[in-house]
Novice: 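Can you keep this structure in mind? I'll have questions shortly.
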Number of protein chains: 2
Amino acid sequence: MARKKSLDEVRPGQGDDASSRRAPMREFSRSLPMSLLRAREAVMRQFRPSLRNHGLTEQQWRILRALTAVDEIEVTELARVAFLLGPSLSRILRDLEARALIERKAAENDARRAVVSISAKGLKLIEAVAPTSEAIYAEITRRYGARRLAELHEMLGVLEASLAGMGSADGAEVEAEE
Amino acid sequence: MARKKSLDEVRPGQGDDASSRRAPMREFSRSLPMSLLRAREAVMRQFRPSLRNHGLTEQQWRILRALTAVDEIEVTELARVAFLLGPSLSRILRDLEARALIERKAAENDARRAVVSISAKGLKLIEAVAPTSEAIYAEITRRYGARRLAELHEMLGVLEASLAGMGSADGAEVEAEE
DNA sequence: GGAATTCACTTAACATGTTAATCATCTCCC
DNA sequence: GGGAGATGATTAACATGTTAAGTGAATTCC
């Protein structure tokens, strides 16, 4: 299905002046990844200064935040919950442990697995940041509207679900799982 | 053998009589930044393999894509359009220029400004990638629904606009510029 | 007309994203 | 029980995100 160049033959005269260069694909601002990126950045821009004042990055905050919801958790599971890739998580955990914000031990029955939990110091830090964070979130909700916000969440969830089973699609290899 | 556990199945409900551990904040999965991040990742996951096959990263693609829409453009304006920070753009332009995918010259009346344009080679690369990219985008639209997609764009735009004037809010300094 | 300031990048430094490779277990199966 | 393969976590290598500092060129203001 690849050799179909009918798309729009990205080959106008291109000859002389500017105006002959027509938009080759979708208008840039209408690209879905771009819209999502811009929206997310608009939101994160609100939180970053506060986090920074407490010496935390967005990802470090995500991890600590996830840890407050459980007693302890394995690294792989934490990666899934905090939506981080393994290598990023490894680095961040190393730093957080060095700062004594988390604790880490080996799993009882499997020496490969590591179990992580938040420390008292980490909990204290969370408590220090939470009020500001909540206030910002409340302001965002106020501005955007609680109903609309819920609707957006819903639509994003559906989008994720819609794309769930979509393969790579280029050198698409979706071989059956034996 | 170890079939992929459905997401809900793995969710650490965590006893949760653990009322000693008071609910820290909003449930993690309901965090807006997280929802946006997950949605965007679900979308980008579809495009990355194809781009990679052509030796392009997402950001490099964004830049080349933006350049096809104009004859030439100043670096600052390109940063705004492609939604990249200056430093990232500097690095990427250096690489793209080394690969002869773009061309760069100084502005006529202002030696500080640089003007960038896509090269013939760059245009050729775009043409090679575009069909696959468009096919993926079409499939996403088909799965999610064109109407719903438009609605999502709209809501994301409104979100961005809603947050436009919101200050840092921590050590918030939005003093009038006297 | 020249010092101070602003402006358009660019570098620097550190943290994360992304993919591939490595390492140490663990499991399975003969 | 021992070796092949799978698994959990880390390390490596490169690209980008993010903030701060640097550089050279224009602008402002006295």
Novice: DNA chain D: B:Asn109 or A:Arg91, which has the more 5' nearest nucleotide?
Specialist: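 Checking each residue's closest nucleotide, the 5'-ward one belongs to A:Arg91.
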Novice: Report the nucleotide, chosen from C:dT11, C:dT25, D:dA25, that has the shortest atom-to-atom distance to any side-chain atom of B:Asp110.
Specialist: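 Selected nucleotide: D:dA25.
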Novice: If you assign each of B:Gln60 and A:Arg52 to its closest nucleotide in DNA chain D, which residue comes earlier from the 5' end?
Specialist: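 Result of the comparison: B:Gln60.
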Novice: In whole angstrom, what separates A:Arg48's CZ from C:dC14's C1'?
Specialist: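 Going from CZ in A:Arg48 over to C1' in C:dC14 covers 15 Å.
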Novice: Would you check if B:Glu154 and B:Val158 make a side-chain contact, meaning some heavy-atom pair closer than 4.5 Å?
Specialist: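 Sidechains of B:Val158 and B:Glu154: in contact.
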Novice: Output the rounded distance in Å from CG (B:Leu89) to P (D:dA15).
Specialist: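 One finds 16 Å between P of D:dA15 and CG of B:Leu89, rounded.
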Novice: If you assign A:Thr57 and A:Pro87 each to the DNA chain C nucleotide with the nearest heavy atom, which residue ends up on the more 5' nucleotide?
Specialist: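 Nearest nucleotide further toward 5': that of A:Thr57.
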Novice: Do B:Arg99 and B:Gln60 meet the criterion of a side-chain donor-acceptor pair at a distance under 3.5 Å?
Specialist: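 The criterion, which ignores hydrogens and geometry beyond distance, is satisfied for B:Gln60 and B:Arg99.
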Novice: Within the structure shown, what part of the strands sits under 4.0 Å from B:Ser88 by heavy-atom distance: base, sugar-phosphate, or nothing?
Specialist: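 Base contact - B:Ser88 has a heavy atom under 4.0 Å of at least one base atom.
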Novice: In whole angstrom, give the distance that lies between atom CZ of B:Arg94 and atom C1' of C:dT10.
Specialist: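 Spelled out: CZ on B:Arg94 to C1' on C:dT10 is 9 Å.
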Novice: A:Ile92 near the nucleic acid: base, sugar-phosphate alone, or nothing, with a heavy-atom cut-off under 4.0 Å?
Specialist: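 Sugar-phosphate contact only - A:Ile92 comes under 4.0 Å of backbone atoms but never of a base.
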Novice: Return the minimal non-hydrogen interatomic distance between B:Pro33 and A:Arg40, and the atom names on each side.
Specialist: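 So the minimum-distance heavy-atom pair works out to O-NH1, 3.0 Å.
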Novice: Separation of A:Ile73 atom CD1 from D:dG8 atom P, in whole Å?
Specialist: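 Distance check: A:Ile73 CD1 to D:dG8 P gives 14 Å.
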Novice: Round to the nearest Å and state the distance from B:Glu74 atom CD to C:dA8 atom P.
Specialist: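 Going from CD in B:Glu74 over to P in C:dA8 covers 8 Å.
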Novice: With heavy atoms under 4.0 Å as the rule, sort A:Ser90 into base, sugar-phosphate or nothing.
Specialist: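 Base contact.
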Novice: Has B:Gln59 got a side-chain N or O lying under 4.0 Å from the OP1 or OP2 atom of C:dG17?
Specialist: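 Checking C:dG17 against B:Gln59, no side-chain N or O comes under 4.0 Å of OP1 or OP2.
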Novice: Less than 4.0 angstrom between a side-chain N/O of A:Arg113 and OP1 or OP2 of D:dG8, yes or no?
Specialist: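 So the side chain of A:Arg113 is within the cut-off, an N or O lying under 4.0 Å from OP1 or OP2 of D:dG8.
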Novice: I need the CZ-P distance between B:Phe83 and D:dG17, as an integer number of Å.
Specialist: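 Rounded to the whole Å, the gap is 10 Å.
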Novice: Expressed in angstrom and rounded to an integer, what is the separation of A:Leu93 atom CG from C:dT16 atom C1'?
Specialist: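 Distance, rounded to whole Å: 13 Å.
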Novice: Could you give the CD-to-P distance, from A:Glu58 to C:dG17, as a whole number of Å?
Specialist: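 Interatomic distance, CD of A:Glu58 to P of C:dG17: 8 Å.
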Novice: Are B:Val70 and B:Val81 close enough that some pair of their side-chain heavy atoms sits under 4.5 Å apart?
Specialist: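 Not in contact.
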Novice: Do B:Arg112 and C:dC9 have a side chain to base donor-acceptor pair shorter than 3.5 Å?
Specialist: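 No pair found.
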Novice: Below the 4.0 Å mark, does C:dC9 have OP1 or OP2 next to a side-chain nitrogen or oxygen of B:Arg104?
Specialist: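 No, B:Arg104 has no side-chain N/O under 4.0 Å of OP1/OP2 on C:dC9.
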Novice: What closest approach, in Å, do A:Arg38 and B:Arg80 show between heavy atoms, and which atom pair accounts for it?
Specialist: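 It is NH1-O, 4.4 Å.
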Novice: Given that A:Ala111 and A:Leu85 both sit by DNA chain C, which one's nearest nucleotide is further toward the 5' end?
Specialist: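 Between the two, 5'-proximity favours A:Leu85.
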